[in-house]
Amino acid sequence: MDWTLSTLVCCHGAVPQSMVQKLDQKLPVANEYLLLSGGVREGVVDLDLDELNIYARGTDYDMDFTLLVPALKLHDRNQPVTLDMRHSALCHSWLSLRLFDEGTISKWKDCCTIVDHINGATNYFFSPTKVADWFYDSIRIVLSEIQKKPQRGMPKVEKVEKNGTIISIILGVGSSRMLYDIVPVVSFKGWPAVAQSWLMENHFWDGKITEEEVISGFYLVPACSYKGRKDNEWRLSFARSEVQLKKCISGSLMQAYQACKAIIIKLLSRPKAISPYHLRSMMLWACDRLPANYLAQEDYAAHFLLGLIDDLQHCLVNKMCPNYFIPQCNMLEHLSEETVMLHARKLSSVRSDPTEHLRTAIEHVKAANRLTLELQRRGSTTSIPSPQSDGGDANQPDDRLAKKLQQLVTENPGKSISVFINPDDVTRPHFRIDDKFF
């Protein structure tokens, strides 16, 4: 366990993973965790939100994080990683323990589904649901032991819940309440063969960061496809790559993304069909599609927000949202026509008066912040870990963006405004109002 994670685990403690490892030596001794700013509900990882309990910032927690905990690790073999996708939809895979040694199989076979072949061989498939059950039980045992012998400075455990395959823990640290969504994953070094063609395309991050930084690793997270088997199917996650790509996204676009996310989390929460992760994917596609000097405009956050709303509307109407890393995977394919049209109509109401919806979202953020400050006044604050940020509080929507948005809409009444570029001239930055490009 590296020093940073030891500090997180022991002091801010999503969970003392080293103690979980000692229970039955299942977890890798030398493990590498990924801590992300923002909980699963914020779309930092592509997971299904249907089974998650609803927590409200300010009421239930003050800060939220996602912690990816590798249950198994596979190292780079200097070639693309080939997964067993014969039984799965795109972006999903089963995982056979035949890839691992006998010791690993022996430790984990109670967390597997077993398939016997005609030739008499037995194949153990790593089960995301059984792994999540084991992890939840282990965490409860560890927390029970800690609470029997409380130590000075240890956070107070306020809530532990299992949400599908995710374990959500709310800790009291000083005067702050931290929500940790802990996700058991399988960690791979290298790059999956199914996403190899994506590397051949031109991308907005070319020349800004190296390919080695982008393809350093990927995960399997415990989520299945719409028609998949929950007990066997894992979903590919590129969370590590996304952390690197965010370094190349301008502050104004991130501000627009945070504002749009705040709007859709409130507006499109029922039925759960559109998640913030879909919006994140569309933002990455927009970065590939639009000129870099246009996206670098510091005062274009309002334009970008309208563009993201238009892009989301376009995805809904066409029931098409390609995964950024595996474009042949349409993340909206399973939705019914009734659901997409319901959300499209809701978005139309946003598009007709975006300023009012943004201001409503801003008021919700301010109200949550007031609750947090009120609690913090009752006690001293404490230092917090430094996760891989998803933009942070600095990029929360604010009144300045609402004013810019209002100005843009007022100056162009009844017109469609988006960030699609002029197909006849891609050499210069523009935005579009109706059919005119500027």
Exercise for review: Among residues two or more places apart or on two chains, list those pairs meeting salt bridge (charged side-chain N to carboxylate O under 4.0 Å, His left out) that have a residue in residues 193-207.
Suggested key: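 Output for this query is empty, none listed.
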**Study point:** Qualifying salt bridge (charged side-chain N to carboxylate O under 4.0 Å, His left out) pairs, either residue in residues 221-242, two or more places apart
**Key:**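 For residues 221-242: Glu32-Arg240, Asp46-Arg235, Asp48-Arg235, Glu51-Lys230, Arg229-Asp231, Glu242-Arg280.
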Side-chain heavy-atom pair [X], [Y] within 4.5 angstrom cut-off:
X      : Y      : answer
Arg41  : Ile54  : no
Leu305 : Pro354 : no
Lys26  : Cys111 : yes
Leu290 : Phe204 : no
Val340 : Leu332 : no
Leu83  : His92  : no
Val44  : Asp181 : no
Leu179 : Arg177 : no

Distance, nearest 0.5 Å, that separates [atom1] of [X] from [atom2] of [Y]:
X      : Y      : atom1 : atom2 : result
Glu42  : Ser275 : CD    : OG    : 11.0 Å
Met254 : Gln258 : CE    : CD    : 5.0 Å
Lys208 : Glu213 : NZ    : CD    : 13.5 Å
Thr66  : Tyr180 : OG1   : OH    : 11.0 Å
Leu90  : Met331 : CG    : CE    : 12.0 Å
Asp84  : Arg98  : CG    : CZ    : 8.0 Å

Exercise for review: Please answer whether the main-chain N or O of Gly39 pairs with a side-chain N or O of Asp64 as donor and acceptor at a distance below 3.5 Å.
Suggested key: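 Flag set: sc Asp64 to bb Gly39 pair under 3.5 Å.
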Practice item. Measure from the side-chain N and O atoms of Thr59 to the backbone N and O of Tyr55, and report whether any donor-acceptor pair falls under 3.5 Å. Key: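 No, because the side chain of Thr59 does not come within donor-acceptor range (under 3.5 Å) of the backbone of Tyr55.
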Point to revise | side-chain contact (heavy atoms from CB on, under 4.5 Å) assessment of Trp285 paired with Asp311 | key: CA-CA 10 Å; Trp285 282 118; Asp311 279 4; over 6 Å; no
With sequence neighbours excluded, what pairs up with [X] under the side chain to side chain contact (heavy atoms under 4.5 Å, CB included) test?
X      : value
Ile215 : Trp191, Leu199, Glu211
Ala71  : Leu27, Trp108, Phe126, Val131
Thr165 : Thr129, Ala132, Pro222
Ala296 : none

Which atoms form the tightest heavy-atom contact between [X] and [Y], and what is the distance?
X      : Y      : answer
Ser252 : Leu295 : OG-O, 3.8 Å
Leu220 : Trp234 : O-CE3, 3.6 Å
Leu47  : Ala223 : CD2-CB, 3.8 Å
Gly172 : Glu158 : CA-OE2, 3.8 Å
Leu308 : Cys260 : CB-SG, 4.1 Å
Tyr219 : Val185 : CD2-CG2, 3.6 Å

Got a sec, which residues hit side-chain hydrogen bond (donor to acceptor under 3.5 Å, both in side chains) with [X], two or more places apart in sequence or on another chain?
X      : value
Ser349 : none
Thr82  : none
Ser187 : none

Review point. Can you name the one residue among Ile167, Val40, Val45, Leu67 that meets side-chain contact (heavy atoms from CB on, under 4.5 Å) with Val183?
Key: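 Of the listed residues Ile167, Val40, Val45, Leu67, the side-chain contact (heavy atoms from CB on, under 4.5 Å) partner of Val183 is Val40.
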For residues 315-328, which side-chain N or O atoms pair as donor and acceptor with protein atoms under 3.5 Å away, sequence neighbours left out?
unit_1 : atom_1 : unit_2 : atom_2 : d
Asn318 : ND2    : His314 : O      : 2.8
Asn318 : ND2    : His314 : NE2    : 3.4
Lys319 : NZ     : Leu335 : O      : 3.0
Asn323 : OD1    : Phe325 : N      : 2.9
Asn323 : OD1    : Ile326 : N      : 2.9
Tyr324 : OH     : His203 : ND1    : 3.3
Tyr324 : OH     : Asp288 : OD1    : 3.2
Tyr324 : OH     : Asp288 : OD2    : 3.0

Practice item. Please identify each residue that fulfils ring-ring contact (aromatic ring centres under 6.0 Å, His included) with Phe125, with sequence neighbours left out. Key: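 Here the qualifying residues are Trp94.
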Exercise for review: Could I get the full list of salt bridge (charged side-chain N to carboxylate O under 4.0 Å, His left out) partners for Asp133, not counting sequence neighbours?
Suggested key: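 Testing Asp133 for salt bridge (charged side-chain N to carboxylate O under 4.0 Å, His left out), a comparison that skips the adjacent residues, returns Lys162.
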Point to revise | Residues Leu72, Leu97; criterion side-chain contact (heavy atoms from CB on, under 4.5 Å); working and verdict | key: CA-CA 10 Å; Leu72 288 174; Leu97 290 193; 3.7 Å; yes
**Study point:** Check against side-chain contact (heavy atoms from CB on, under 4.5 Å), Tyr136 and Val160
**Key:** CA-CA 9 Å; Tyr136 176 61; Val160 181; 3.9 Å; yes
Review point. Is a side-chain donor-acceptor pair under 3.5 Å present for Ser96 with Asn123?
Key: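 Note: Asn123 and Ser96 side chains meet the donor-acceptor criterion.
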Exercise for review: Report the C-alpha separation of Cys112 and Lys130 in whole Å, then their side-chain angles, then the decisive distance to 0.1 Å, and conclude whether the side-chain contact (heavy atoms from CB on, under 4.5 Å) test is met.
Suggested key: CA-CA 7 Å; Cys112 293; Lys130 291 185 177 183; over 6 Å; no
Review point. With a 6.0 Å cut-off on ring centres, are Tyr294 and Phe304 close enough?
Key: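 Yes, they do, as the ring centres are separated by less than 6.0 Å.
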